[in-house]
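In the text below, chain A, chain B and the rest are named by the order of the sequence lines, each starting its count at 1. Just so you know, these numbers use all the heavy atoms, side chains as well, and skip hydrogens, waters and symmetry mates.
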Amino acid sequence: GENVEQHPSTLSVQEGDSAVIKCTYSDSASNYFPWYKQELGKRPQLIIDIRSNVGEKKDQRIAVTLNKTAKHFSLHITETQPEDSAVYFCAATSDYKLSFGAGTTVTVRA
Amino acid sequence: NAGVTQTPKFRVLKTGQSMTLLCAQDMNHEYMYWYRQDPGMGLRLIHYSVGEGTTAKGEVPDGYNVSRLKKQNFLLGLESAAPSQTSVYFCASSYSGARETQYFGPGTRLLVL
């Protein structure tokens, strides 16, 4: 089955700086890579996703890059704001089910 | 639309007791999932369903059973609860598979003593 590793497990950034979270996956057949954000006490929500036929996707301050050869993908958050403080999960799939990384707790310092 | 709802929000069980968690969605989604979330371990798939009347095992199915008798409902059962099943349980649904947005419920916090 798919195995997704996520790093770092915690990340503290100054407000206005950038944050980068990296994930690797094991199954070369995986072709869909979403990122979910979970605020404290809330449910996970999709913030951005990328499919294997593209290398990069942007949505305002967030972007995701995919390197299929190396089997890794990354989330980039620019100009971080206090509301970006949350746990972020990467995931990967090639069939009916998602495999999630262990999560990264991002703290934005004012 | 209520989206994905879960019942109950919080429950305390004694070891050996049984219970059923209910997940309901009103988005006409085919796929439904049950995950458990434990600190430092992300979201782990327990069971999933690709349509009414179907169920399949996920990554950590032992100790759990599920049923999908109606398209909008997905039930998760614990026949004999164990302290290791203390966790936060999330239900999710998607329209046509894992390569689409999954919409999560608010979660059920379960404590097994």
**Q** Look at the side chain of A:R51 and the backbone N and O of B:R99, then say whether any donor-acceptor pair between them is shorter than 3.5 Å.
**A**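 Checked: pair present.
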**Q** Who wins among B:D38, B:T101, B:L43, B:V50 for the most heavy-atom pairs under 4.5 Å with chain A?
**A**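 Of the options given, most contacts go to B:L43.
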**Q** Mark yes when over 12 heavy atoms from residues, nucleotides or ligands other than A:Y32 sit less than 6.0 Å from its OH; otherwise mark no.
**A**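 Enclosed: over 12 neighbouring heavy atoms sit under 6.0 Å from OH of A:Y32.
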**Q** Based on non-hydrogen pairs under 4.5 Å, which of B:E100, B:R44, B:E59 is most in contact with chain A?
**A**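 Maximum pair count with chain A is reached by B:E100.
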**Q** For chain A, find which of B:P39, B:G97, B:G105 contributes the most heavy-atom pairs closer than 4.5 angstrom.
**A**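 Heavy-atom pairs under 4.5 Å are most numerous for B:G105.
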**Q** Looking at B:L113, I want to see if its CG is surrounded by more than 12 non-hydrogen atoms of other residues, nucleotides or ligands under 6.0 Å.
**A**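 Atom CG in B:L113 is crowded, with more than 12 foreign heavy atoms closer than 6.0 Å.
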**Q** Does any heavy atom of chain B fall under 4.5 Å from the side chain of A:P44, the backbone, both, or neither of them?
**A**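 The answer is both parts of A:P44.
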**Q** What do you reckon, is CD of B:E79 surrounded by more than 12 foreign heavy atoms closer than 6.0 Å?
**A**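 Count not over threshold, so no.
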**Q** Do other residues, nucleotides or ligands put more than 12 heavy atoms under 6.0 Å from A:K68 NZ?
**A**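 Atom NZ in A:K68 is not packed in, count stays at 12 or less.
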**Q** For A:Y36, is it the side chain, the backbone, both, or neither that has a heavy atom closer than 4.5 Å to a heavy atom of chain B?
**A**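 Contact with chain B: side chain only.
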**Q** Counting neighbours of CD on A:Q45 that are heavy atoms of other residues, nucleotides or ligands and sit closer than 6.0 Å, is the number greater than 12?
**A**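 At most 12 heavy atoms, drawn from other residues, nucleotides or ligands, come within 6.0 Å of this atom.
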**Q** Is the number of heavy atoms from other residues, nucleotides or ligands within 6.0 Å of CD (A:Q81) greater than 12?
**A**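 Count over threshold, so yes.
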**Q** Determine, using the 4.5 Å side-chain heavy-atom cutoff (strictly less than), whether A:L11 and A:F89 are members of one ILVMFWY cluster.
**A**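 Each belongs to a different hydrophobic cluster.
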**Q** For B:Y35, which atoms come within 4.5 Å of any heavy atom of chain A: side chain, backbone, both, or neither?
**A**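 Only the side chain of B:Y35 comes within 4.5 Å of chain A.
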**Q** Quick check: closest heavy atoms across B:G40 and A:A102, and the distance to 0.1 Å?
**A**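 In terms of heavy atoms, the two residues are closest at O-CB, 3.6 Å.
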**Q** For atom OH of B:Y31, decide whether the heavy atoms of other residues, nucleotides or ligands shown that lie under 6.0 angstrom number more than 12.
**A**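 Counting neighbours around OH of B:Y31, more than 12 heavy atoms of other residues, nucleotides or ligands fall under 6.0 Å, so yes.
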**Q** If every non-hydrogen atom of B:F90 is compared with every non-hydrogen atom of A:Q38, which pair is closest and at what distance?
**A**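 Answer, listing the atom of B:F90 first, then A:Q38: CZ-NE2, 3.4 Å.
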**Q** So, for B:Q102 and A:L98, which heavy atoms are closest and what is the spacing to 0.1 Å?
**A**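 What the structure gives for the nearest pair is NE2-CD1, 3.5 Å.
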**Q** Kindly give the heavy-atom pair with the smallest separation between B:L45 and A:K97, and that separation in Å.
**A**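 Heavy-atom minimum between the residues: CD2-CB, 3.4 Å.
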**Q** With only heavy atoms counted, which part of A:N31 is less than 4.5 Å from chain B, the side chain, the backbone, both or neither?
**A**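 The side chain, not the backbone.
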